[in-house]
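Bear in mind the structure is a predicted one, so any value in this text is a computation, not a measurement. As a basis for the values below, the full set of heavy atoms in this structure was taken, side chains included, without hydrogen atoms, waters or symmetry mates. First the proteins, then the strands, lettered A, B, ... as listed; each starts at 1.
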Amino acid sequence: MPELPEAETIRRQLASLVTGAKVRHVEVHIARSARGHESPEELAALVEGRTIREVGRRGKAVLLFLDSKRPSTLVIRLGMTGAVKVVPPREPEEKYTAGVVELSDKRQIRYVDQRQFGQMVAYQGHDPNSMPEFAGYGPEPLSDAFTTGYLKQVLSRRSAILEVVLMNQQIVAGIGKIYADEICFRAGLRPTRRASSLTGPMRERLWRATREVLTEAVEYRGTSTLDETYRDAYGMPGRFQERLFVYQRAGEPCKVCGTPIRRTAMPGGRGMHWCPKCQK
DNA sequence: AGTTGGACCTGACTGC
DNA sequence: TGCAGTCAGGTCCAAC
């Protein structure tokens with residue numbers, strides 16, 4: 001599912017493909033995917049006729065910053081199965097195409113979302129902090145605001161398990177199931193352990209693992225496992241699945257010590273994957 | 001306030 | 001072969 005590395009991959013590709021392009025027309029094909037608006041027209045009015053000045057990202061969301069005079073932002077939250085592609089005109093439309101942004105050069109930015117957990121929503125202005133979806137969001141894990149001091153401050157007060165805390169966007173933005181599992185593995189910490197139980201050295205390892213895993217995953221252009229529908233803006237799969245140590249590897253031998261990887265249900269019933277020998 | 005559990009959604013998979 | 005049931009998970013909301 002698209003998390004920070006997948007959203008960042010799409011951001012970079014969109015930036016090179018559509019920066020400077022003008023939006024001619026916007027169509028909403030799945031109303032649910034534009035549920036933040038009263039009507040498709042309301043969304044279109046904030047986007048049509050404007051020029052894409054910059055492409056940004058906040059957590060797992062891709063942001064198209066439009067115009068500078070009457071600034072607005074088109075936010076695309078990818079949810080579980082969202083994908084954003086830039087296609088030539090008259091490319092056959094695939095199933096679950098939720099929104100189409102037609103550019104004045106006739107190319108289209110297509111937003112496809114099979115499970116429709118994602119969302120396309122536009123706002124006036126360019127400041128993500130003023131948008132309700134990002135209210136209270138934690139720091140970007142690859143920014144300078146993400147430090148071991150910050151981790152101490154937020155983790156020491158949390159009784160929830162580490163996996164849940166890592167996936168909490170209010171603590172740190174952009175981490176979901178895949179990378180929470182992988183970060184815990186590389187930090188040598190069980191995802192089942194209470195966040196407040198981490199010692200200083202453990203937080204140091206967690207901080208380092210977070211930066212390393214996410215940075216490497218961006219370099220590999222995200223993760224596309226067998227049942228992941230994730231594709232980048234060119235329709236290509238990512239390659240980080242080659243580098244997964246634990247995610248979706250229950251029962252398979254640990255790549256470090258050979259012990260079978262375990263799967264434990266976390267609150268809510270979702271699986272956490274971890275090595276009982278490498279992670280304490 | 002923090003934590004937990006259910007709902008949303010569809011396709012893939014399992015078991016009878 | 002077919003069909004019901006289960007699982008997957010990002011995020012919101014309700015309940016404890």
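Taking side-chain N and O atoms only, A/Tyr96 has no distance below 4.0 Å to OP1 or OP2 of B/dC9. For A/Lys95 and B/dT10, the shortest distance from a side-chain N or O to OP1 or OP2 is not below 4.0 Å. Here A/Arg77 reaches the OP1 or OP2 of C/dC12: one of its side-chain N or O atoms lies under 4.0 Å away. Within the 4.0 Å cut-off from OP1 or OP2 of C/dG9, at least one side-chain nitrogen or oxygen of A/Tyr247 is found. Between A/Arg158 and the phosphate of B/dT3, there is a side-chain N or O to OP1/OP2 separation shorter than 4.0 Å. OP1 or OP2 of B/dT3 sits under 4.0 Å from a side-chain N or O of A/Ser159.
The residue A/Gln169 sits close only to the backbone: its heavy atoms come under 4.0 Å of sugar-phosphate atoms, none of a base. Residue contacts shown for A/Gly271 are limited to sugar-phosphate atoms, with no base heavy atom under 4.0 Å away.
Shown are A/Leu17, A/Leu14, A/Ile109, A/Val101; of these, the side chain to side chain contact (heavy atoms under 4.5 Å, CB included) with A/Ile52 is made only by A/Ile109. Here the options are A/Asp181, A/Thr192, A/Thr264, the test is side-chain hydrogen bond (donor to acceptor under 3.5 Å, both in side chains), and the partner is A/Trp274; only A/Thr264 passes.
Side-chain atoms of A/Gln116 lie closest to B/dC9 of the nucleotides C/dG9, C/dT11, B/dC9. Looking at the side chain of A/Lys177, the nearest of the listed nucleotides C/dG10, C/dC12, B/dC9 is C/dG10.
For A/Tyr179, the ring-ring contact (aromatic ring centres under 6.0 Å, His included) partners at least two apart in sequence or on another chain are A/Phe240.
The shortest distance between side-chain heavy atoms of A/Gln119 and A/Ser33 does not fall below 4.5 Å.
At a cut-off of 3.5 angstrom, the base of C/dG10 holds at least one donor-acceptor pair with the side chain of A/Arg270.
Comparing A/Gln114 and A/Val164, the nucleotide of DNA chain B nearest to each residue sits closer to the 5' end for A/Val164. Both A/Phe117 and A/Val165 lie near DNA chain B, and the one whose nearest nucleotide falls closer to the 5' end is A/Val165.
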